[in-house]
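Here the structure comes first, spelled out in structure tokens, and everything after it is commentary.
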Amino acid sequence: MPKFSMYMLAAVLCATATQIAGAQQLPGGPRHFLAPYAASSANVGDVDFPHTTQLPRMAPELALQVFSQRSVEQAQKLAAYTDTTIVQAELPDTSQRGEYELLRTYTAPKSLNFATIKFTGDNFVKSNVIVRLLQQEVERVEKGDAAKTAITEQNYKFSYKGVETVEGDLCHVFQLKPRRKAVGLFKGRILLEVHTGSLRRAEGTFSKSPSFFVRKIEFVQDFADFAGVTLPTHLRSTAKARIIGRTIVNVFHRGYQLTASAVKPTAAPNETNSPALILSPQAQ
């Protein structure tokens, strides 16, 4: 169950529209979670990519079951990781854009921080789109209520729609319909690799607008496996907002590294706060 990149969409759109309507810049500049990049790799190891062998093709029901079980296990064992996150934001109607490169650090269960590497582009986009987006994501993780928007049977109805190929991987396709209309839930599809049940893509439209200023949020988010853990690699999203028009956000994740303590010996069965596992709105 994917996470980091979705709450971002609604966060960005809402914040940007509010700014256009008359809000001021963040007092004092970005919050403490944006610090100068000074990461040390002393206690961080490169992710090993396990050798893959051809596994038997799973039936759709089994692939969905494996996906659900792996999501629970990942939430229990994933203690910490870092990656380089690149956030590109664009306001086509005003021809404003910016790109922010950061070091993202997640520590279970409720800690998410970003350290600045570099920024290029329009400072308005930086302060009022990207920084607000990151701040919203940090606050969401700290609240620890990600299970409310997780891709589970408690939140969605699933229906099988056949197979498709995603970047060379054959995948089972499941249509998702939210069981209730709530911010963070979406109507769309997930694609699970047929041999492993791993999530490869989630896409759709959020079922409820996070703000009066936001009319529609559409997204496509890709995932990959790293040392047995499923993490996001790319989020593409577009949204329509009152006043500011269309907003486009791309989020890329590169160079995942797991800390030495990345597998926890025990965890609460219902702990599902990993930023990689939950999709929540993050518009722009």
- Task: Answer yes or no: is there a side-chain heavy-atom contact under 4.5 Å between E99 and I86?
- Result: yes
- Message: Let's go through K208 and V183 carefully: what are the C-alpha distance in whole Å and the side-chain angles of both, what is the deciding distance for side chain to side chain contact (heavy atoms under 4.5 Å, CB included) to 0.1 Å, and is it a yes or a no?
- Response: CA-CA 5 Å; K208 184 176 180 179; V183 173; 4.0 Å; yes
- Message: I'd like to check Y106 versus V141 (side-chain heavy atoms, cut-off strictly below 4.5 Å). Are they in contact?
- Response: yes
- Task: Could you go through the side chain to side chain contact (heavy atoms under 4.5 Å, CB included) check for V249 and Q88 one step at a time?
- Result: CA-CA 6 Å; V249 168; Q88 299 173 344; over 6 Å; no
- Are N113 and V138 close enough, and set up right, to give a side chain to side chain contact (heavy atoms under 4.5 Å, CB included), and what steps lead you there? CA-CA 7 Å; N113 293 281; V138 169; 5.8 Å; no
- Query: Is the shortest side-chain N to carboxylate O distance from E137 to R140 below 4.0 Å?
  - Reply: yes
- Taking atom CG of L191 and atom OG1 of T165, what is their separation to the nearest 0.5 Å? 9.5 Å
- Check whether L133 and F252 end up in the same hydrophobic cluster, where Ile, Leu, Val, Met, Phe, Trp and Tyr are linked by side-chain heavy atoms less than 4.5 Å apart. no
- Message: Please determine whether side chain to side chain contact (heavy atoms under 4.5 Å, CB included) holds for the pair T205 and I217, giving the CA-CA distance in whole Å, both sets of side-chain angles, and the decisive distance to 0.1 Å.
- Response: CA-CA 6 Å; T205 303; I217 305 172; 5.8 Å; no
- Query: Between the side chains of T116 and Y100, is a donor N or O closer than 3.5 angstrom to an acceptor N or O?
  - Reply: yes
- Should the pair E164-R189 be classified as a salt bridge under the 4.0 Å nitrogen-to-oxygen rule? yes
- Query: Do F186 and V166 share a hydrophobic cluster, counting only Ile, Leu, Val, Met, Phe, Trp and Tyr and linking them when any side-chain heavy atoms are less than 4.5 Å apart?
  - Reply: no
- Query: Hey, are the side chains of V251 and H234 touching, using non-hydrogen atoms and a 4.5 Å cut-off?
  - Reply: no
- Message: Is the shortest side-chain heavy-atom distance between V131 and K126 below 4.5 Å?
- Response: yes
- Query: Do V129 and F119 share a hydrophobic cluster (ILVMFWY, side-chain heavy atoms under 4.5 Å, transitive)?
  - Reply: yes
- Query: Going from OG on S127 to CZ on R132, what distance comes out if it is rounded to the nearest 0.5 angstrom?
  - Reply: 8.5 Å
- Query: Can you tell me if CD on E73 sees more than 12 non-hydrogen neighbours from other groups inside 6.0 Å?
  - Reply: yes
- Task: Would you kindly say whether Q96 and D122 are connected by a side-chain donor-acceptor distance under 3.5 Å?
- Result: yes
- Query: Does a donor on one side chain and an acceptor on the other come within less than 3.5 Å for R70 and S198?
  - Reply: yes
- Query: With a 3.5 Å cut-off and no angle check, do the side chains of T233 and H253 form a donor-acceptor pair?
  - Reply: no
- Message: Using the ring centroid of each side chain, check whether F219 and F206 are separated by less than 6.0 Å.
- Response: yes
- Looking only at heavy atoms, what is the nearest atom pair of L185 and R180, with distance? CD1-O, 3.5 Å
- Message: So which atom in A147 and which in N155 form the shortest heavy-atom distance, rounded to 0.1 Å?
- Response: O-ND2, 3.1 Å
- Note on the structure: So OG of S237 and CD1 of I248: to nearest 0.5 Å the spacing works out to 9.0 Å
- Task: For the residue pair L64 and F174, establish whether any side-chain heavy-atom pair is separated by less than 4.5 Å.
- Result: yes
- Message: Please give me the minimum heavy-atom distance between V125 and G98, naming the atom from each residue.
- Response: CG1-N, 3.7 Å
- Task: Please round to the nearest 0.5 Å and tell me the distance separating atom CZ of R179 and atom CG of L176.
- Result: 10.0 Å
- Report yes if the side chains of L134 and L102 come closer than 4.5 Å at any heavy-atom pair, otherwise no. yes
- In chain order, what residues pass the side-chain contact (heavy atoms from CB on, under 4.5 Å) check against R57, with sequence neighbours excluded? V163, L170, H172, V194, H195
- Note on the structure: All heavy atoms of R104 vs all of P232, minimum pair found to be NH2-CG, 4.5 Å
- Evaluate the side-chain proximity of L91 to R246: yes if any heavy-atom separation is below 4.5 Å, no if none is. no
- Task: Indicate, with yes or no, if V229 and L112 share a hydrophobic cluster defined by side-chain heavy-atom contacts under 4.5 Å among Ile, Leu, Val, Met, Phe, Trp and Tyr.
- Result: yes
- Out of curiosity, does Y156 fall in the hydrophobic cluster containing L192 (side-chain heavy atoms, cut-off under 4.5 Å, transitive links)? yes
- Query: Given the rule in the side chain to side chain donor-acceptor pair (under 3.5 Å) test, do Y81 and T107 qualify, once you have shown the distances and angles that lead to the verdict?
  - Reply: CA-CA 7 Å; Y81 65 78; T107 304; over 6 Å; no
- Interatomic spacing from CD1 in I117 to OG1 in T85 - rounded to 0.5 Å: 8.5 Å
- Measure the spacing between OG of S68 and CD of E153 and express it to the nearest 0.5 Å. 6.0 Å
- Task: Could you tell me which non-hydrogen atom of A89 sits nearest to which non-hydrogen atom of I130, and how far apart they are?
- Result: CB-CG1, 3.9 Å
- Task: Run the salt-bridge test on E218 and K216 with the 4.0 Å N-O cut-off and return the result as yes or no.
- Result: yes
- State, to 0.1 Å, how close I190 and A202 come at their nearest heavy-atom pair, and which atoms those are. CG2-CB, 4.1 Å
- Query: Quick one: do the D225 and T230 side chains pair a donor with an acceptor below 3.5 Å?
  - Reply: yes
- Between R200 and E193, is there a salt bridge with N-O shorter than 4.0 Å? no
